[in-house]
Q: 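The structure's right below; bear with me while I get my questions together.
A, B, ... follow the sequence lines: proteins, then strands. Residue 1 opens every chain.
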Amino acid sequence: MPRRMPTHHTLDVLKGLRPPNDVDFHAAMDPADVTGANAIQGGIVFAGRCVSLNANGQFILGVGNSEMPMFLFNNSDDADVVNDGGDVTTEPDAWKGSSPTGKLKAIVAIMGAEFETTEFKSDVNYAINDLLTAAKSVAAGAGGDATNLALAGVLVKIPGAITASHVVGQVSTKFTVGDAANKNVHQRNVLRFWGLHWPKTT
Amino acid sequence: MPQTLTREETRLLNQETFEKIASDDPALHKEAAETLNDFTRLRVREESYFDQILPPETITNDQLDRDLTEGNFRIEEMEPDSPGAISVPLASTPTTMYIRGRKYKVQFDRMKTRRFQKDVSSLRTWRMDIRQVLSDNSIKDLHTERDRKWQAAVDAVLGAAGAVNPMSGTAQHVNIAGGVTREFIAEMLKVTQGTIFSIPTKTILLNNLTFMDYFKFDRLEYGGDLAERVMTSGVSVINGLAGMNWITTIKRTLVPNNAHFLYPDPSFLGKHYQLEEPTMSVKREDFMLEWYTYEESGASIGHLGSFGRANAT
């Protein structure tokens with residue numbers, strides 16, 4: 001596993017409510033969305049990705065036609081999310097933590113905020129006011145649009161008419177490939193956008 | 001034990017607490033919050049059964065370990081096992097064993113209650129202790145969540161009745177037929193002592209209804225006048241039965257009927273740390289008062305083979 005720093009995958013709220021008054025939601029990831037055929041980056045879901053809730057109240061990557069979009073504040077392997085002591089049913093030297101509980105924090109898209117994320121398709125340009133969507137992982141339901149597992153929950157421009165996509169954000173600052181002005185203080189490409197929730201209607 | 005106040009003492013305390021909360025001086029709000037903190041912390045400790053099984057130790061920042069992430073955690077070490085000595089003929093060479101110790105991790109997370117609200121004016125005429133009004137819900141929420149998290153970890157390790165524990169190689173969750181009897185107590189205490197680790201049980205956790213079954217023992221089963229004391233004073237007099245510390249709980253959604261959870265001395269079990277004590281945040285804006293409580297703690301079970309569960313079926 002490559003070395004990863006806390007600055008590699010991030011979500012920031014540039015303008016809007018801050019903790020403890022932000023409109024956040026806490027849930028665990030749907031295990032089916034991060035293991036097996038849907039394995040994302042070795043089973044880890046990164047902060048900054050778009051998620052929504054399944055019928056069991058678990059986070060899944062991306063959005064379908066009309067689920068409330070949210071943006072993850074945690075990585076799924078953060079120390080305040082999971083204490084992986086191994087499988088206590090098979091490994092004799094495993095341990096079991098009673099905390100943390102596996103829940104991640106995500107901020108609701110319609111909180112009324114300008115966000116900044118590292119989790120977007122960064123090899124294309126974005127103009128101000130471009131509309132954004134984020135697809136589910138391929139096998140996560142009939143509404144999944146992603147053809148590439150690595151893009152599940154990643155912000156991309158809507159491909160066609162506004163009514164044919166579930167819009168989750170609108171670009172607030174243009175992004176040009178290779179422009180140093182689009183990097184944050186940790187030299188990571190970031191996309192700045194306002195959160196939205198416009199369900200797909202066609 | 002919580003203070004027992006007279007009616008007049010409660011009235012004066014309420015008046016003093018109300019004046020601090022209703023004041024425009026932030027320093028007085030802080031004083032009121034500190035009074036509430038003391039009250040809350042004492043009650044949470046007393047009412048969480050997890051805290052009695054594995055008492056928390058206060059941990060400071062300099063005791064935390066570090067890595068490349070920003071989480072708070074501490075690495076604990078387990079005593080290395082050894083394969084034992086053997087008898088050999090003269091001029092034999094001993095087998096080498098490179099000592100390696102197992103470690104486990106305690107990670108921390110924050111618990112917080114709901115944010116409660118009240119119009120300050122509606123507190124003017126409360127007769128019951130205002131500290132109780134403001135903190136009762138917080139206390140209940142915090143100790144319930146502490147116990148819920150602990151129980152989820154314990155249940156994950158023990159599995160279903162009969163499941164073989166990978167560390168001990170035996171089942172540490174067993175059903176014992178025949179209900180609650182002297183024979184049941186003997187068989188129950190063999191659960192953890194019968195493993196390769198032979199760890200004695202020190203504390204037994206059961207719910208209040210299961211505890212009532214010990215009322216049914218007759219004089220012969222109690223072995224003497226304890227039977228009379230139970231009949232006259234109730235089952236609470238049997239704490240210390242079989243040399244154990246008996247903890248009862250009303251949280252029957254966590255500890256089901258007939259279940260007896262068997263815990264060793266805490267040093268065999270794991271670690272429980274308190275990084276930030278339960279702290280009440282009190283804020284007043286104009287006539288609205290709001291408050292919630294938060295804390296940061298962590299616990300891990302390090303020795304999977306040290307505890308067990310026996311169900312009296």
Q: Assess whether atom CD of E91(A) is packed by more than 12 heavy atoms of other residues, nucleotides or ligands within 6.0 Å.
A: yes
Q: How close do P6(A) and L68(B) get, heavy atom to heavy atom, and via which atoms?
A: CD-O, 3.1 Å
Q: Heavy-atom distance under 4.5 Å to chain A: side chain of K271(B), backbone, both or neither?
A: neither
Q: Quick one: side chains of residues 15-24 of chain A, donor-acceptor pairs under 3.5 Å with protein atoms, not counting sequence neighbours, listed by atom name and distance.
A:
{"from": "R18(A)", "atom 1": "NH1", "to": "G16(A)", "atom 2": "O", "distance (Å)": "2.7"}
{"from": "R18(A)", "atom 1": "NH2", "to": "L14(A)", "atom 2": "O", "distance (Å)": "3.2"}
{"from": "N21(A)", "atom 1": "OD1", "to": "R115(B)", "atom 2": "NH1", "distance (Å)": "3.2"}
{"from": "N21(A)", "atom 1": "OD1", "to": "R115(B)", "atom 2": "NH2", "distance (Å)": "3.4"}
{"from": "D22(A)", "atom 1": "OD2", "to": "K105(A)", "atom 2": "NZ", "distance (Å)": "2.7"}
{"from": "D24(A)", "atom 1": "OD2", "to": "H26(A)", "atom 2": "NE2", "distance (Å)": "3.4"}
{"from": "D24(A)", "atom 1": "OD2", "to": "K105(A)", "atom 2": "NZ", "distance (Å)": "3.4"}

Q: Mark yes when over 12 heavy atoms from residues, nucleotides or ligands other than K103(A) sit less than 6.0 Å from its NZ; otherwise mark no.
A: no
Q: To the closest 0.5 Å, what do you measure between CG (L158(B)) and NZ (K96(A))?
A: 12.0 Å
Q: Got a second to check how far E296(B)'s CD is from D80(A)'s CG, nearest 0.5 Å?
A: 8.5 Å
Q: Taking atom NZ of K157(A) as the centre, report whether more than 12 heavy atoms of other residues, nucleotides or ligands fall under 6.0 Å from it.
A: yes
Q: Counting only non-hydrogen atoms closer than 4.5 Å, does V81(A) touch chain B with its backbone (N, CA, C, O), its side chain (CB onward), both, or neither?
A: neither
Q: Does CD1 in I75(B) sit with more than 12 non-hydrogen atoms of other residues, nucleotides or ligands closer than 6.0 Å?
A: yes
Q: With rounding to the nearest 0.5 angstrom, report the OG to CZ distance, S98(A) to R148(B).
A: 10.0 Å
Q: Could you tell me the separation between the CD atom of E76(B) and the CH2 atom of W95(A), rounded to the nearest 0.5 Å?
A: 11.5 Å
Q: Check each atom of S297(B) against the heavy atoms of chain A and say whether the ones under 4.5 Å are side chain, backbone, both or neither.
A: backbone
Q: In terms of heavy-atom proximity below 4.5 Å to chain A, should Y104(B) be classed as side chain, backbone, both, or neither?
A: both
Q: Heavy-atom distance under 4.5 Å between the side chains of V88(A) and P166(B), does that happen here?
A: no
Q: Determine yes or no for a side-chain-to-main-chain donor-acceptor pair under 3.5 angstrom, with Q107(B) supplying the side chain and S99(A) the backbone.
A: no
Q: Would you indicate whether K103(B), at its atom NZ, is surrounded by more than 12 heavy atoms from other residues, nucleotides or ligands within a distance under 6.0 Å?
A: no
Q: Walk me through whether D78(A) and T69(B) qualify under side-chain contact (heavy atoms from CB on, under 4.5 Å).
A: CA-CA 8 Å; D78(A) 279 354; T69(B) 69; over 6 Å; no
Q: Under 4.5 Å from any heavy atom of chain A, what part of Y292(B) do you find: side chain, backbone, both or neither?
A: side chain
Q: Just wondering, are more than 12 heavy atoms of other shown residues or ligands nearer than 6.0 Å to CZ in F73(A)?
A: no
Q: For L304(B), is it the side chain, the backbone, both, or neither that has a heavy atom closer than 4.5 Å to a heavy atom of chain A?
A: side chain
Q: If I measure from the heavy atoms of chain B, does T101(A) come under 4.5 Å with its side chain, its backbone, both, or neither?
A: both
Q: Tell me which of these, N83(A), T90(A), D87(A), has more heavy-atom pairs under 4.5 Å with chain B than the rest.
A: N83(A)
Q: Give the member of G86(A), A94(A), G85(A), A79(A) that has the highest number of heavy-atom pairs under 4.5 Å with chain B.
A: A79(A)
Q: Using every non-hydrogen atom in the two residues, find where A153(B) and G97(A) come nearest and quote the distance to one decimal.
A: CB-O, 4.0 Å
